[in-house]
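Along the sequence shown, residues carry numbers from 1.
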Amino acid sequence: MDDTAARPKSLKFKEPVIDVAFSPTTNLVASSLITGHVFVHKYDVGSNQRQVRGKPHKKSCRSLCFSGDGSLLYTASKDRSWQAMDVETGAETTRIDAAHEKPLNLIKYVNEQIVATGDEAGCVKLWDVRQKKQAFSYSEHVDYVSDMVFHAPKRHLLATSGDGCLSVYDVRKAKPFQVSANQDDELLSVAVIRGGSKVVVGETDGVMGIFSYGQFGDVTDRFPGHPQSIDSICKLTEDLCVTGSSDGLLRIVQFFPHKLIGVAGDHQALPVEKVVLSHDQQWLASCSHDHTVHFWDIGYIYADEDEDDEASEAAEQKDTNESKEDDELDAQAVAIRISRDVDSDDDEDESETDVAQPDKPSLDAGADSEEVDIEDNSESESDNGWGSWGGSSDDEAKAAKPKKKRRKGEELADKRKARVELARPTQSHKRKTERKAFFAEEVGNYTYGYDHCMKPFRIRMAHDIIASYGLDKKMTVLQPPRATAHEMTQFHTDEYIEYLRRVTPEVAEIMPSYNECFLPLLDCPPFDGVYEFCTISAGGSMAGARRINHGEADVVINWAGGLHHAKKGEASGFCYVNDIVLAILELLRYHQRIVYLDIDVHHGDGVEEAFYTTDRVMSVSFHQFGNFFPGTGDVKDVGVERGKYYAVNVPLREGIDDETYEFIFRRVMRDVMETFRPSAVVMQCGTDSLSGDRLGCFNLSMQGHAACVEFMKSFNVPLFCLGGGGYTIRNVARTWAYETAVLLGEKLDPSLPYNDYYDFFGPEYTLDVPASNMTNMNTRQQLERLCSEIHEHLHCIPHAPSVQMQQVPRDWPGESEESDNLPVTDSD
């Protein structure tokens, strides 16, 4: 940061500064010293003026904070006391001596009635400010309380400790809300981000742990990158924070995707004690061991956001204007076509050929009249990603007839009714369906390790059953292209993909620090050929998405895909590269709205996280929830910002059977399709939700699992089916073969034909995975409540096609080897 920049002058003291705080309402900054002194200064560009100087404590003043209105300053000391002082006069208003048995480390303003304190022994106390007495005391920690933050929407106080745990307290209750598992390292700082859906903690080893809010048992994500401890975290926006580290640097950090943006300030290798943000979001203040409070200009962060918002609004307005012009041109073209069709029909009565001419289009943009032409409805409805699947010669003939004038109220009612009808499974939209499947023979050659439960060999078994039934003759089977590193870095970080390209079991042994950053070794070992395995999986999914984009197929299968846990810069849950995210990114080039559907027993956290802030992808996950990996996917996790309510989570309990699963699946997915109305569906068909899986605890039969695929097929939108989890390999192979037949509309003999892996399916040798007598822990009452809550969330979003979308770029010639020089055609 340029020292000559226009900013407040640094505040220099004779003794070390321990804490610093900004007033939430005015240009005041408070500083506390190791001597017990407290200073309040009025700051401005180029000059500062001292307002208050006092020594409220006999020993070091370790923490301070302002009240919500900025009128009071609270301080806490090593002498075990805390006090409140009037900011204008410096007079003491409240003082509690011997507040704790041990020296105080922290004081935190909660609201006008409550302040919280924490001490060296891990005790947290809540104080009634008005009555000047203790309200609650908590002793969950066994080491010092390092940081606290209050999350007002939940009325939760979150505290980190040197014992490696995060504790959460409801300030209205005497018992703690939840305490995390020990993180094996000291937790030093905490912040709530992403609209209250995530909690980030700073650790002594330079890693930032990320909890999903409400699931505080263990972190769901980790963000390495700091060389030393993260002593302070200051939230800037829902996705950006500034960290103060022991190496003296203030770093701007972005979450989801995780990356280091830049450096906001530098204390010249001296540890940063605290970093805070001013009330006007213009300045950061930080203190270190240099006896100085420094100011850093951070206003450009918010200025850039404002410019981006203005640019986005301008782009949206431009797209809207262009769309209106296109609609008018399309309307004229439709009117011309209809007019010609009617004129050429010898059986048509002359009185029935009174349709709009090119110079008088029937779509009236002015619409001051109380009457609206029904043709306006059909045109607007056809531009939603659904209408192109329902067209027929009969429909066109009906469209050629004159349109009767109707009242606006009647027209709107018909419009709503049409939306519902389009979203229902129907047999009236019939057209020829092209089906393609991707299969690489070598995918079965890779192994995670002899004792690892993930077996890529199961994919080869599934394809062998498919071939033994002759299903490969009823579809186009393609060799998937290998994804390039450049293609995979459309989502993943360059460093992570480069690591996968270089890592081997031998290399992993000599670079343990890199393994900790990129691979959780027990779940995701660096096996021989891991990079090639990833290129096959990702290449097949991206190529399948391109086939749908180019209109070559309506149903695409890649059983080697579906690796839904992989994060942007880290492997997770047996998944290294997230082929699903890469495929959806490819589809978004041509499709305005995509539904991602996940029926794996585990929550599809990696995909949800990737699209958590967008309204163009609705992620829907049916999964086991509770003390189960990855611990995310609460029904209340609905997305943030523009993506709020576009993440749909259906958390289920153990033992769910076919009947119960079908009940909630149909209810939720019908509601999703009706509300969002996508132009393509990507479905992850993980089979660890089957009965008898080695890891999953659901009780679905093969038919129950396949019924979900058949239901989604009935919506007649392009469907991309991917593999996923599944750890009883003979059940995986049978189910994916059976679901291939469902997608092809074929019936199979229950007796398995002889194949290369026939002995795996004894002693019954049948195409069946039956359910067991496992107890179903899901009650109808609980599922009804779940459906109602999801229904309420979905109805908080605008109905398609009113959702504004950005213009989607087309492929450039030669951009992809998979394009095969296909002509780019309009969706019409």
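- The aromatic ring centres of Phe625 and His603 sit 6.0 Å or more apart.
- In this structure, OH in Tyr576 is found 11.0 Å from OG in Ser572, a value given to the nearest 0.5 Å.
- No cation-pi contact links Lys455 to Tyr727, judged by a cut-off of 6.0 Å to the six-membered ring centre and 45° from its axis.
- No close placement of the Tyr738 and His705 rings is indicated, their centers lying 6.0 Å or farther apart.
- When ring centroids are compared, Phe622 and Phe665 come within the 6.0 Å threshold.
- In this pair, Phe457 and Phe760 present their aromatic rings tilted. The plane angle is within the 30 to 60° band.
- Each of Asn776, Asn699, Asn778 was evaluated against Thr660; a single residue qualifies, Asn776, per the side chain to side chain donor-acceptor pair (under 3.5 Å) test.
- Glu764 and Arg730 are joined by a salt bridge, as a carboxylate oxygen and a charged side-chain nitrogen come within less than 4.0 angstrom of each other.
- Here Tyr596 and His564 keep their ring centres 6.0 angstrom or further from each other.
- A salt bridge is defined here as a Lys NZ or Arg NE, NH1 or NH2 lying under 4.0 Å from an Asp or Glu carboxylate O, and Asp170 with Arg172 meets this definition.
- Rounded to the nearest 0.5 angstrom, Lys175 NZ and Glu140 CD are separated by 10.5 Å.
- For the pair Arg435 and Asp554, the salt-bridge criterion is not met [side-chain N within less than 4.0 Å of a carboxylate O].
- Taking the six-membered ring wherever Trp is involved, the centroid distance between the rings of Phe177 and Tyr138 does not fall below 6.0 Å.
- A salt bridge does not link Glu238 with Lys644: every distance from a Lys NZ or Arg NE/NH1/NH2 to an Asp or Glu carboxylate oxygen is 4.0 Å or more.
- Using a 4.5 Å cut-off on side-chain heavy atoms (C-beta onward), Asp605 and Glu608 make no contact.
- Annotation for Thr220 and Pro630: closest pair CG2-O, 3.7 Å, computed over non-hydrogen atoms.
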